[in-house]
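Residue numbers run from 1 in the order of the sequence given.
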Amino acid sequence: MSSFLYGLLCFCALGCGQLTSAQPDDGKRYICRAVPLSGDASCPVTLLPDLSTGGQEEELRNTVMQLRETILQQKETISKQIGTINELTTKLSLCASASDVREYNKGGSWGKEKQNTMGDVPRDPNDTIDSLGKTMQGLKDRLENLEQQQMRANISGASFPSELRDLLQRRLGELEKQLLNKVSNLEQEKSMLSNATAAYRLKTESTLNALVERISELEKGGGDFKSPEQFKLSLPQRTNYLYGRITKSLPEMYAFTLCMWIKSSASPGIGTPFSYGVPGQANEIVLIEWGNNPIELLINDKVAQLPLEVRDGRWHHICISWTTRDGQWEAYQDGDKLGTGDNLAAWHPIKPGGVIILGQEQDVVGGRFDAGQAFVGELSQVNIWDRVLKPVEIQSMANCTSYIPGNVISWLASNVEVFGRGAFKRPLEVCQERLPNT
């Protein structure tokens with residue numbers, strides 16, 4: 001029965017082909033197919049698509065090519081974005097590791113080896129800040145390029161992943177914060193280094209100036225002295241041409257203290273160990289002993305007699321203090337206060353710009369000396385302060401406990417000039433050998 005049905009279908013197909021063979025060719029093709037017994041026994045015909053139209057094929061081909069190009073562009077964009085993300089992730093990791101190392105090495109200096117945070121960061125703070133600024137600008141340019149690529153992708157139909165863009169924004173924001181913090185830290189370190197360098201420079205310059213001044217004093221004063229103040233002025237004869245001169249002058253003063261070591265055995269009177277004259281007043285400050293008179297202190301040609309005795313040929317330390325208030329004065333010998341007084345040139349200020357002479361009394365400023373008033377003996381450590389010294393300070397110098405240089409005139413070999421053949425600057429005995437009880 002099955003064979004019969006199969007044959008019948010084949011016959012039908014052949015018959016249909018013969019019936020249509022005589023018809024003109026209209027460009028269509030027909031096929032026959034088996035159908036179930038319960039279906040229509042006629043020969044159904046299915047039309048194939050019209051393959052003669054080339055426009056549709058070309059349109060389909062173009063559509064496929066556009067889709068392919070879009071896919072390739074999106075793939076390339078995503079690859080670039082992934083590369084950028086990886087690079088930013090690497091730089092953030094370097095920044096994080098550098099921050100950890102920085103916390104561990106806190107308190108270090110630029111001179112130590114440290115891990116760089118953004119590639120090869122220069123060691124100098126200024127170069128580091130410039131490099132970080134360039135890196136930040138480069139990252140911003142890359143972000144702008146990514147945004148432009150996003151706009152081109154949107155125009156061409158490709159979509160830019162919003163998650164990826166948000167991730168980039170967050171990473172760039174974190175990186176920018178870290179860079180700003182690092183720049184702030186570098187600025188602080190730069191400021192600290194600048195302050196420390198300035199302080200060190202000032203200290204170094206001060207030390208060098210002191211050293212140069214000390215060398216100059218040694219060169220001017222001679223190499224035989226242990227220190228610039230360890231010398232004495234020797235005036236062995238009573239003449240009007242042997243004397244010493246202090247190269248500095250006095251400022252205007254309303255009080256002063258004059259101290260010195262003195263040694264003399266001249267008779268009668270030791271003469272004038274100290275005189276200060278100013279224009280219009282040659283006897284502004286004078287310390288003198290002449291004839292059988294006691295030692296006298298003259299201020300502005302006013303006189304006070306001092307209870308001092310130094311004509312025994314031994315070293316003595318004497319100090320005289322004075323203040324313009326009520327003209328009060330005090331006299332010390334070997335650390336002991338031996339006399340006080342007042343109304344000595346009261347309310348008269350010591351005039352500035354005069355000449356200090358050691359060993360002669362001035363009749364005019366700086367000259368016209370009288371041999372009868374010349375000092376004979378030795379002087380050392382003649383110092384002047386613009387204040388009244390305390391008794392304890394005077395005692396410490398007199399018993400060799402300390403040496404206090406004057407803040408107005410200090411005893412230095414470079415400050416003392418010697419005039420006259422026979423006057424010398426010589427090394428001074430040690431302080432303990434100058435004490436009266438030795």
Side-chain angles (χ1 to χ4, degrees), residues 233 235 238-260 262 269-291 293-306 308 318-331 339-376 379 382-389 406-412 414-420 423:
L233 174 63
L235 303 172
R238 194 183 296 274
T239 68
N240 61 354
Y241 58 85
L242 298 181
Y243 64 97
R245 176 174 176 173
I246 303 293
T247 58
K248 295 183 178 181
S249 183
L250 298 179
E252 185 176 46
M253 298 187 301
Y254 299 90
F256 71 86
T257 300
L258 168 66
C259 292
M260 68 180 71
I262 185 170
I270 64 173
T272 309
F274 180 92
S275 68
Y276 173 66
V278 297
Q281 181 52 270
N283 296 326
E284 186 70 5
I285 303 175
V286 179
L287 188 64
I288 184 172
E289 182 187 62
W290 58 283
N293 298 319
I295 296 179
E296 296 177 341
L297 173 64
L298 281 71
I299 295 181
N300 192 29
D301 222 9
K302 306 298 188 293
V303 182
Q305 294 184 344
L306 309 180
L308 304 179
I318 62 173
C319 286
I320 297 96
S321 64
W322 172 88
T323 176
T324 186
R325 183 175 182 178
D326 296 329
Q328 296 177 349
W329 59 269
E330 296 176 343
T340 62
D342 57 12
N343 200 28
L344 175 61
W347 312 109
H348 169 77
I350 302 300
K351 297 178 182 179
V355 177
I356 300 176
I357 298 295
L358 303 179
Q360 298 286 349
E361 190 271 337
Q362 308 174 55
D363 286 339
V364 297
V365 178
R368 196 184 295 174
F369 306 137
D370 183 356
Q373 297 175 332
F375 171 78
V376 179
L379 299 173
V382 179
N383 292 284
I384 301 177
W385 296 261
D386 58 359
R387 63 184 178 89
V388 176
L389 292 186
N407 67 332
V408 176
I409 298 295
S410 59
W411 183 254
L412 296 173
S414 59
N415 290 345
V416 179
E417 297 177 342
V418 178
F419 296 88

- [ ] Answer yes or no: is there a side-chain heavy-atom contact under 4.5 Å between Y276 and V365?
- [x] no
Task: 4.5 Å side-chain heavy-atom contact, L242 and F375 - done: no
Task: G354 backbone acceptor or donor facing S249 side chain under 3.5 Å - done: yes
Task: Exam field: side chain T272 to backbone Q373, donor-acceptor pair closer than 3.5 Å - done: yes
TODO: Could you tell me whether the side chain of T323 and the main chain of Q328 form a donor-acceptor pair under 3.5 Å?
DONE: no
Open item on the list: If we ignore hydrogens and angles and just use 3.5 Å, is the side chain of W329 paired with the main-chain N or O of L306 as donor and acceptor?
Closed with: no
Task: Validation row: I295, I288 side chains within 4.5 angstrom (heavy atoms) - done: no
- [ ] Let me see the working for R245 and V416 under side-chain contact (heavy atoms from CB on, under 4.5 Å), right down to the final yes or no.
- [x] CA-CA 6 Å; R245 176 174 176 173; V416 179; over 6 Å; no
Task: Geometric class of the Y243/F419 ring pair [parallel <30°, tilted 30-60°, perpendicular >60°] - done: parallel
Task: No-hydrogen, no-angle side-chain donor-acceptor test under 3.5 Å, Q281 and N300 - done: yes
- [ ] Look only at the side chain of R238 and the backbone of A371, and say whether a donor-acceptor pair between them is shorter than 3.5 Å.
- [x] no
Task: Check: W347 and D326 side chains under 4.5 Å, non-hydrogen atoms - done: yes
- [ ] Given side-chain contact (heavy atoms from CB on, under 4.5 Å), test Q362 with V364 step by step and report yes or no.
- [x] CA-CA 5 Å; Q362 308 174 55; V364 297; over 6 Å; no
Open item on the list: When you compare the side chain of F274 with that of I356, does any pair of heavy atoms fall below 4.5 Å?
Closed with: yes
